[in-house]
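Working notes, structure below.
Here the structure is a predicted model, which means the values were calculated and not measured.
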Amino acid sequence: MHHFVCRRKSGRFSIALAISGALASGIALNLTSPTSALAQPLPAPASTQVPQLATIVVTPARTPEPLSQTLGDNSVMTRETLDTLPNGTLSDALIREHSIEGVNLGGPQTVSTINIRGTNSNQSLVLIDGVRVNNATNGLPPLNAIPLNSIERIEIVRGTSSSLYGADAIGGVVNIITRSDTDRPFSAYANAGVGTYATTQYDAGFSGAKDGWSYSLFGGYGQSAGFNATKRSNYYQNPDNDSYYRSNLGGSLGYTWKPGQTLTLQTYQSKVNGSYDAGAPYFGDRGIQTLSNNILTSRNVISSFWTSTLRAGFSTDLYKTINVDATQNFYNTPDGKQHFKTNQSQYVWQNDLTFSPTQIVSLAYERLEQSVDGALVDNISPGLVNYQQTSRFTNSLLAIYRGTWGAQSVQASVRNDNNSQFGNVTTGSLSYGLELTPRWKASIGANTGFRAPNFNELYWPVTPSFMGNPLLQPERSQNIEAGLKYTTDNTQLGLTLYRNNIDNLILNEPSIPGDFYSPYTPMNIDRALITGITLTGSQKLGRNTLIKGSFDWSNPRNANTGELLPQRAQRVLKMAVDQNLGKAKLSGELFVTSQRRDALTNDTLGGFGLMNLVGSYPLTENTDIQVRWNNIFAKQYTLVQGYATPGSNVFVNLALKM
């Protein structure tokens with residue numbers, strides 16, 4: 001949904017443009033770790049428990065390394081964890097991670113955003129298999145178009161990461177790794193489920209490897225009658241259920257033509273079509289989000305010292321709306337359609353130089369090409385957006401060093417992005433870690449980042465409510481953080497403190513100073529200061545019980561006015577208890593948040609608590625029955641003023657693996 005939002009504050013109007021939309025090497029290796037607060041699965045029953053292998057990640061340093069040895073606050077959501085969320089959305093999964101909050105405008109067919117460590121959604125970078133998918137029109141990732149059934153794992157890096165990944169990585173990086181080829185024999189899976197709101201979901205896939213070839217194919221389809229996405233207090237309210245259907249298809253094909261020489265093709269296609277209310281009398285419109293991602297990778301081990309990776313990624317994010325009733329075509333465009341489209345091409349050549357197992361240098365060149373077009377969603381001045389500029393490119397050079405000497409470790413990176421619109425931007429990062437004892441590890445780090453203004457902020461045409469500002473400059477951030485971790489076989493504790501200062505913050509202000517009824521325009525006039533403390537922990541009690549949780553205290557404020565940034569809670573508690581009961585597994589989840597300020601109305605939204613239950617039971621060796629009951633006490637709560645949230649709902653899934 002692309003829409004303008006008006007809010008009244010201190011007796012005046014301010015217009016906020018809220019427009020939805022939509023390179024690391026994502027390699028999945030041996031996944032099991034309890035470091036994430038709510039992201040890890042129930043432990044296996046005692047009779048079937050096996051030793052856990054180290055979790056290997058690539059996103060924190062762009063090269064494989066054990067998660068336990070990374071510097072900073074990083075975590076992984078595994079496929080086992082995602083299986084506890086049948087019919088869940090990507091936003092549903094991410095908000096179970098510590099230091100991440102989410103906002104949804106009423107169901108998976110509507111706008112979904114995330115805030116990592118109190119930053120805006122367009123200040124965090126989302127990748128699919130290492131290729132960026134934040135669109136260039138409004139800077140948001142298409143979270144609603146990425147179903148969980150397509151994901152093998154999710155790697156999350158918290159904190160500014162522009163020296164690794166370039167623009168927009170001020171709050172952190174989320175790398176979504178899709179189900180891909182494997183080095184094991186043929187395996188397959190299938191799921192079928194039904195739930196509240198007449199919801200159904202089906203998905204299946206297979207993967208394997210033989211004679212140098214590796215392959216995978218997956219797909220899914222789901223639909224729902226939905227619930228009413230708007231509330232009576234909202235002008236856009238219509239007492240109907242907002243239905244949706246979604247589908248996805250993807251896969252990979254790889255060939256190792258010589259040891260250490262592999263060529264891989266990956267593809268991912270997804271679509272969500274959902275109803276929303278555009279305001280009386282124009283109800284029943286449908287928004288359609290389509291995401292396409294295609295990647296070709298050549299990984300070549302030149303020698304024991306040098307590994308070269310060439311990658312070309314191409315993504316398209318298209319959002320369009322259709323007015324179902326042609327007689328109410330207030331868009332004045334063919335068939336009542338409007339659209340926003342982003343095409344992105346990303347080319348990477350990364351060279352990893354391994355001087356020793358503990359001394360690694362990575363050098364890379366990247367080129368990013370972006371182009372946009374669109375049709376305006378404004379009944380006053382409809383038609384093409386007519387961006388003054390419709391394309392831009394960025395050439396980047398980066399270097400990363402990762403070294404370990406006994407109990408000490410260092411990671412340093414520097415990157416230069418030469419943007420065709422904004423010139424050169426240089427960012428850097430330096431982190432240091434020290435093993436105080438075999439169980440205690442401390443770290444400290446500092447890094448810089450930036451966000452490039454999106455095309456809507458720069459070139460939106462003059463309308464009665466909003467106009468772009470081609471003079472905008474990138475936002476800049478300076479982040480420092482420190483961490484302390486304690487780890488044993490049964491206990492894990494973590495403490496992270498951070499301070500992120502964001503300069504040139506882009507906010508919407510009257511184009512004519514003092515005239516609050518003139519079109520609003522984005523300006524580099526503010527500064528945000530975000531400080532916070534995060535506590536995480538997990539404790540095994542015997543062989544059948546696991547308690548885990550996190551607590552986030554943050555203070556995200558406009559540093560000039562002292563006001564809290566909207567849609568952020570200052571205190572968030574997440575807890576879960578996993579219990580094995582013979583062959584059955586049962587989990588209880590608790591989510592508690594303090595009040596927050598609404599971005600649309602400036603009203604205070606009350607805090608709330610939610611409780612969920614999850615259970616599974618093996619019917620046969622290869623078949624499980626899974627049940628998830630969300631919001632078991634039917635708590636009524638508000639994430640965005642005027643928009644509804646789901647009530648108590650249940651989903652039952654039958655899972656088959658072979």
| Distance only, no hydrogens: is a donor on one side chain within 3.5 Å (strictly under) of an acceptor on the other, for Q266 and S252? | no

| Is the NZ or CZ atom of R179 both under 6.0 Å from the centre of the six-membered ring of Y268 and within 45° of that ring's axis? | no

| task | Determine, stepwise, if the pair R392 / E369 fulfils salt bridge (Lys or Arg N to Asp or Glu O under 4.0 Å). | result | CA-CA 6 Å; R392 65 186 179 195; E369 300 173 353; over 6 Å; no

| Donor-acceptor side-chain pairing of D203 and Y189 below 3.5 angstrom | no

| message | Can you confirm if the NZ or CZ of R246 lies within 45° of the ring axis of Y221 and under 6.0 Å from the centre of its six-membered ring? | response | no

| query | Rounded to the nearest 0.5 Å, how far apart are CG of N104 and OG1 of T89? | reply | 7.0 Å

| request: Please confirm whether W213 and F186 have ring centers closer than 6.0 angstrom. | output: no

| said: Testing the 3.5 Å rule here: is there a donor-acceptor pair between the side chains of R476 and N504? | reply: no

| field | No-hydrogen, no-angle side-chain donor-acceptor test under 3.5 Å, N419 and T394 | value | yes

| request: Output yes when a side-chain donor or acceptor of E475 lies under 3.5 Å from a complementary backbone atom of I506, and no otherwise. | output: yes

| field | Donor-acceptor contact below 3.5 Å, side chain N134 vs main chain S124 | value | yes

| task | Compute whether any side-chain donor of one residue and acceptor of the other, for T262 and T256, lie under 3.5 angstrom apart. | result | yes

| query | Quick one: OG1 on T137 to CG on L458, what's the gap to the nearest 0.5 Å? | reply | 12.0 Å

| said: In the structure I gave you, are the side-chain heavy atoms of I151 and N149 within less than 4.5 Å of one another anywhere? | reply: no

| message | With salt bridge (Lys or Arg N to Asp or Glu O under 4.0 Å) as the criterion, how do K657 and E80 come out once you've worked through the C-alpha distance, each side chain's angles and the decisive distance to 0.1 Å? | response | CA-CA 13 Å; K657 295 182 180 180; E80 275 190 292; over 6 Å; no

| query | Is there a side-chain contact between N120 and R451 (heavy atoms, below 4.5 Å)? | reply | no

| message | Does Q411 form a side-chain hydrogen bond (donor to acceptor under 3.5 Å, both in side chains) with S431? I'd like the steps, not just the answer. | response | CA-CA 5 Å; Q411 180 172 313; S431 299; over 6 Å; no

| message | I want to know whether F314 and Y347 have ring centres closer than 6.0 Å. | response | yes

| Can you check whether L127 reaches I177 side chain to side chain, under 4.5 Å on heavy atoms? | no

| message | Side chains of V174 and L90, heavy atoms from C-beta outward: is any pair under 4.5 Å? | response | no

| If you round to the nearest 0.5 Å, how far is CD1 of I116 from CD of E97? | 10.0 Å

| field | Smallest separation among heavy atoms of R79 and L148, with atom names | value | NH1-O, 2.8 Å

| message | Can you confirm whether M77 sits close enough to R153 that some side-chain heavy atom of one is under 4.5 Å from a side-chain heavy atom of the other? | response | no

| query | Will you find, in the side chains of D352 and T63, an N or O donor that is under 3.5 Å from an N or O acceptor? | reply | no

| message | How close do N122 and D168 get, counting heavy atoms only, and between which atoms? | response | O-CB, 4.0 Å

| request: Report the C-alpha distance between N524 and Q473 in whole Å, list the side-chain angles of each, state the deciding distance to 0.1 Å, and finish with yes or no for side-chain hydrogen bond (donor to acceptor under 3.5 Å, both in side chains). | output: CA-CA 7 Å; N524 295 109; Q473 293 300 307; over 6 Å; no

